[in-house]
Undergrad: 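Encoded as structure tokens, here's the structure I'll be asking about.
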Amino acid sequence: MNEQTADLLPRVATAHELMHRVVDLQNRINQLTTQFAAKTEKKSKRHPVLYAIAGFLIAFALITSTPLKAVTYPLTIPFFATGGMELQVTVWNVINLAVSAVIGAVLYKVIAKSADKSRAQKNAAIDRNNAQVEANNQALAQSIEQTKREIFATQQRWAAEVAPWYPMDYDSIDAVDFFLTAVRNHRASTVQEMVNLYETERHQRRMEQGQQQILQQQRIGNMLQLGNLFMQGQILNQAQQINANTASASSSLDWISNAMGRR
């Protein structure tokens, strides 16, 4: 290893290390950012009007059902003698409504208590989940801030140790990987040599990629040409078949004409 290579190699190795470290840290930030979660809003609310309506409807359905409406019927018998069947039915409906209201009030308390308990359990679960989400998000935010500080420290090292000599237009993973390999394998001993070598090989890669694209386009063109030839052959066969059918039909018409002429 000559003196120039011995001096350049540790500097390129440092640039390689710092470049990869910055990229790895940025990838870590990107991964952490995708892990943030959103909180769940509380959507379960109290609906006292609905509870009251539900309680009344349940009570009215029970009190007017066939087995239970007989319970209130005896109370209406005296009204039959006073106003007939119409008055009796009216009083019976009023009694049923009143009893339904009383039972509905009791059912309202039962339904409201059960709904409040279920809602409280659901909201408590949401609170626990939101607390866990908040804790995780805070931990992620702290990790991101710590990673940003590490990136800043690495950038400071780059500015102090690498930037004074490193070609600024080649601050990429591909370039720094190539530089390290080239210097380590004695293909370059100066910054200018490793840059020129990198540009030469990058130009060669572009040329090879261009040739591959040309070959691919040629293959596509050949396939299209073969397809056109196949279609032309199909059209020719169809035309020949049509001509044959036309000739056959014409021959048949001539035979029929001749046969009729002989008659």
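Hydrogens, waters and symmetry mates play no part in the numbers below; they use all other heavy atoms, side chains included.
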Undergrad: Other residues, nucleotides and ligands only: do more than 12 of their heavy atoms fall within 6.0 Å of CZ on F36?
TA: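 Count over threshold, so yes.
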Undergrad: Under the side chain to side chain contact (heavy atoms under 4.5 Å, CB included) test, which residues partner E17, sequence neighbours left out?
TA: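 Residues passing side chain to side chain contact (heavy atoms under 4.5 Å, CB included) with E17: R157.
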Undergrad: Can you measure from NZ (K148) to CG (L25) and round to the nearest 0.5 angstrom?
TA: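 Reported value, rounded in 0.5 Å steps: 12.5 Å.
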Undergrad: Would you say V191 and P167 make side-chain contact, with heavy atoms under 4.5 Å?
TA: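 Counting from C-beta outward, V191 and P167 do come under 4.5 Å.
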Undergrad: Is the shortest side-chain heavy-atom distance between E193 and V183 below 4.5 Å?
TA: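 Result no, sub-4.5 Å side-chain heavy-atom pair not found.
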Undergrad: Locate the shortest heavy-atom distance separating A159 from P164; write the atom from each residue and the value.
TA: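 Looks like O-CD, 3.5 Å.
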Undergrad: Linking I/L/V/M/F/W/Y whenever their side-chain heavy atoms sit closer than 4.5 Å, directly or via other members, would V162 and L180 fall into one cluster?
TA: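 Same hydrophobic cluster.
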Undergrad: Could you tell me whether the side chain of N137 and the main chain of A37 form a donor-acceptor pair under 3.5 Å?
TA: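 A pair under 3.5 Å: yes.
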Undergrad: To the nearest 0.5 Å, what is the distance between CD1 on I173 and NE2 on H20?
TA: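 The distance works out to 4.0 Å.
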Undergrad: Assess whether atom CD of Q192 is packed by more than 12 heavy atoms of other residues, nucleotides or ligands within 6.0 Å.
TA: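 Counting other residues, nucleotides and ligands, CD of Q192 stays at 12 neighbours or fewer.
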Undergrad: Is the backbone of D174 close enough, under 3.5 Å, to the side chain of Y170 for a donor and an acceptor to pair up by distance?
TA: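 Pair absent, no side-chain N/O of Y170 close to backbone of D174.
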Undergrad: How close do V176 and A15 get, heavy atom to heavy atom, and via which atoms?
TA: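 Here V176 and A15 meet closest at CG2-C, 3.7 Å.
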Undergrad: Whether the N30 and Q26 side chains hold a donor-acceptor pair (N or O, under 3.5 Å, no angle test) is what I'd like checked.
TA: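 Q26 and N30 do have a side-chain donor-acceptor pair below 3.5 Å.
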Undergrad: Which pair of non-hydrogen atoms, one from M194 and one from F179, has the smallest distance, and what is that distance?
TA: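 Closest approach of M194 to F179: O-CE2, 3.5 Å.
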Undergrad: Kindly indicate, with the supporting measurements, whether the criterion side-chain contact (heavy atoms from CB on, under 4.5 Å) is fulfilled by V12 and W165.
TA: CA-CA 10 Å; V12 175; W165 64 268; 3.9 Å; yes
Undergrad: In Å, rounded to the nearest 0.5 Å, how long is the span from CD1 of I29 to CD of E145?
TA: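 Taking CD1 in I29 and CD in E145, the distance rounds to 8.5 Å.
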Undergrad: How many angstroms lie between atom CZ of F178 and atom OG of S172, to the nearest 0.5 angstrom?
TA: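 Answer for the CZ-OG pair, F178 versus S172, is 11.5 Å.
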Undergrad: Nearest 0.5 Å, what's the CD-CG distance between E199 and L197?
TA: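 Rounded to the nearest 0.5 Å, the CD-CG separation comes out at 10.5 Å.
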Undergrad: When you measure from the side chain of Q132 to the backbone N and O of R128, does any donor-acceptor pair fall under 3.5 Å?
TA: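 No: the side chain of Q132 does not pair with the backbone of R128.
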Undergrad: Considering non-hydrogen atoms only, spot the tightest contact between W158 and M19 and give its length.
TA: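 So the minimum-distance heavy-atom pair works out to CH2-CE, 3.6 Å.
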Undergrad: Less than 3.5 Å apart, any donor N or O on the side chain of Q146 or R149 sitting next to an acceptor on the other?
TA: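 The answer is yes; a qualifying pair exists.
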Undergrad: According to a hydrophobic-cluster definition based on side-chain heavy atoms being under 4.5 Å apart (Ile, Leu, Val, Met, Phe, Trp, Tyr only), do V195 and L8 belong together?
TA: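 Looking at the clustering, L8 is in the same group as V195.
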Undergrad: Could you measure the distance from the CG atom of D24 to the CD1 atom of I151? Nearest 0.5 Å is fine.
TA: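 Taking CG in D24 and CD1 in I151, the distance rounds to 10.0 Å.
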Undergrad: State whether R11 and D7 are salt-bridged, where the test is any N-O pair (Lys NZ or Arg NE/NH1/NH2 against Asp/Glu carboxylate O) under 4.0 Å.
TA: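 Yes, this pair counts.
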Undergrad: For E201 and R206, what are the C-alpha separation, side-chain angles and deciding distance, and is it a salt bridge (charged side-chain N to carboxylate O under 4.0 Å, His left out)?
TA: CA-CA 9 Å; E201 296 208 4; R206 287 198 297 264; over 6 Å; no
Undergrad: Checking side-chain polar atoms at under 3.5 Å, does E134 have a donor or acceptor matched by the opposite partner on N130?
TA: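 On atom types as modelled, these side chains do not qualify, holding no pair under 3.5 Å.
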Undergrad: Charged N to carboxylate O under 4.0 angstrom, R21 versus E150?
TA: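 So R21 pairs with E150 through a salt bridge.
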Undergrad: Check step by step if side-chain contact (heavy atoms from CB on, under 4.5 Å) holds for L18 and T14.
TA: CA-CA 6 Å; L18 296 179; T14 299; 3.9 Å; yes
